[in-house]
Amino acid sequence: MTECYIRVAEDENEEPMEIPSEEDGTVLLSTVAAQFPGACGLRYRSPVSQCMRGVRLVEGVLHAPESDWGNLVYVVNYPKDNKRKMDEMDAASAVKIKRGVQKTSDLIVLGLPWKTTEQDLKDYFSTFGEVIMVQVKRDAKTGNSKGFGFVRFTDYETQIKVMSQRHMIDGRWCDCKLPNSKAGPDEPMRSRKVFVGRCTEDMTVDELRQFFMQYGEVTDVFIPKPFRAFAFVTFADDQVAQSLCGEDLIIKGTSVHISNAEPKHNNSSFFPSTFFMVKSPSLAAMFERSQYQFPSSHV
DNA sequence: GTTGAGCGTT
């Protein structure tokens, strides 16, 4: 058997696309997935039995049913019952659109092959939608991949779609999930100050101020020294601060996580900050600063 | 130069 093209379609009634086989006549699942992201196999209607038959799949390699692939149209298989999930997804996103544009967040990608690079991730996930950030986490010393990474999409629908299925990346099944850092209901109190996690050392007070200005008036930026990979940003309006909590924002190509700046002690009943504010703004600032530590989730 | 559930600081 020699190299050829086989006809593959999303559905029996849809127009097929021709995809190439290998020299030995087999077809790689990754070749199918390149055109049909999320594909996990192929099936076809047997001319003899008129039943759908599965194509043999061994370690990412699809084998022709008979001596060759023939002129049949092969239909793409997706994990579980993806069609029904799509309907649920559309209904869910329709509800959410009414409440405004959904913010996307970083997704953790688990199970990456050691060899997979950020370019590989970008290439793969771009088939779902516009990608605005990818990371492969590596050992600082050896540079070896830790086997997981992160991805961020422009559109929320893309994020939902990507989370709803498994992913064949460089020969391994990977999962995309919401990272633990943003799981569970946190965000307890209302504050004008937010905690900015995962800062990099090159971020300056000025740059953070410039960046956060787009959301509202910034009254203070505090970066602990020596470098501790987080910062505090205070807004004039607490609603601005609250609206950012839980979000992943991208500053200079780095994804930072916004959460509430949590007070470690609560002495405000003895010395309400409003008392200091009318008397002395600088004292009020000192007071606020002494009250807030990093949230427990980041300790 | 190894590994395979997890969780992001260069």
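Note on naming: letters A, B, ... go to the chains in the order of the sequence lines (proteins, then strands), and numbering restarts at 1 for each one.
- Summarising the geometry, the separation between CH2 on A/W173 and P on B/dG6 is reported as 20 Å, rounded to the nearest angstrom.
- Counting any heavy atom pair closer than 4.0 Å across all strands shown, A/L112 reaches a base atom.
- If you take CD1 of A/I251 and P of B/dT9, they are 16 Å apart, rounded to a whole angstrom.
- Comparing A/C199 and A/G147 along DNA chain B, the residue whose closest nucleotide (by nearest heavy atom) sits nearer the 5' end is A/G147.
- Look at CZ on A/R172: it is 10 Å from C1' on B/dT3, rounded to the nearest Å.
- Ring-base stacking between A/F148 and B/dA5 is not satisfied when judged by a centre separation under 5.5 Å and a plane angle under 30°.
- Between the side chain of A/Y44 and the backbone N or O of A/P65, no donor-acceptor pair lies under 3.5 Å.
- When rounded to the nearest whole Å, the span between NZ of A/K252 and C1' of B/dT10 equals 14 Å.
- Which of B/dG8, B/dT9, B/dC7 sits closest to the side chain of A/D248 comes down to B/dG8.
- In this structure, A/D220 does not pair ionically with A/K193, as no charged nitrogen and carboxylate oxygen lie closer than 4.0 Å.
- Side-chain N/O atoms of A/D106 and base N/O atoms of B/dG8 include a donor-acceptor pair closer than 3.5 Å.
- Using a 4.0 Å cut-off between charged nitrogen and carboxylate oxygen, A/D237 and A/R192 do not count as a salt-bridge pair.
- There is no side-chain donor-acceptor pair under 3.5 Å between A/T204 and A/D206.
- Atoms CD (A/E201) and P (B/dT9) sit 14 Å apart, rounded to a whole Å.
- Stacking here means ring centres nearer than 5.5 Å and ring planes tilted less than 30 degrees, and by that measure A/W114 stacks onto B/dT3.
- For the residue pair A/T254 and A/R198, no side-chain donor N or O sits within less than 3.5 Å of a side-chain acceptor on the partner.
- For A/D139 and B/dT2, the CG to P distance is 13 Å, given to the nearest whole Å.
- To the nearest angstrom, P of B/dG6 lies 10 Å from CG of A/N180.
- Residue A/S255 is classed as a base contact, given a heavy-atom separation below 4.0 Å to a base.
- Remark: A/K137 is in phosphate contact with B/dT9, judged by side-chain N or O atoms under 4.0 Å from OP1 or OP2.
- Straight-line distance from the NZ atom of A/K146 to the C1' atom of B/dT10: 11 Å, rounded to whole Å.
- Closest to the side chain of A/Q135, from the set B/dC7, B/dT9, B/dG8, is B/dG8.
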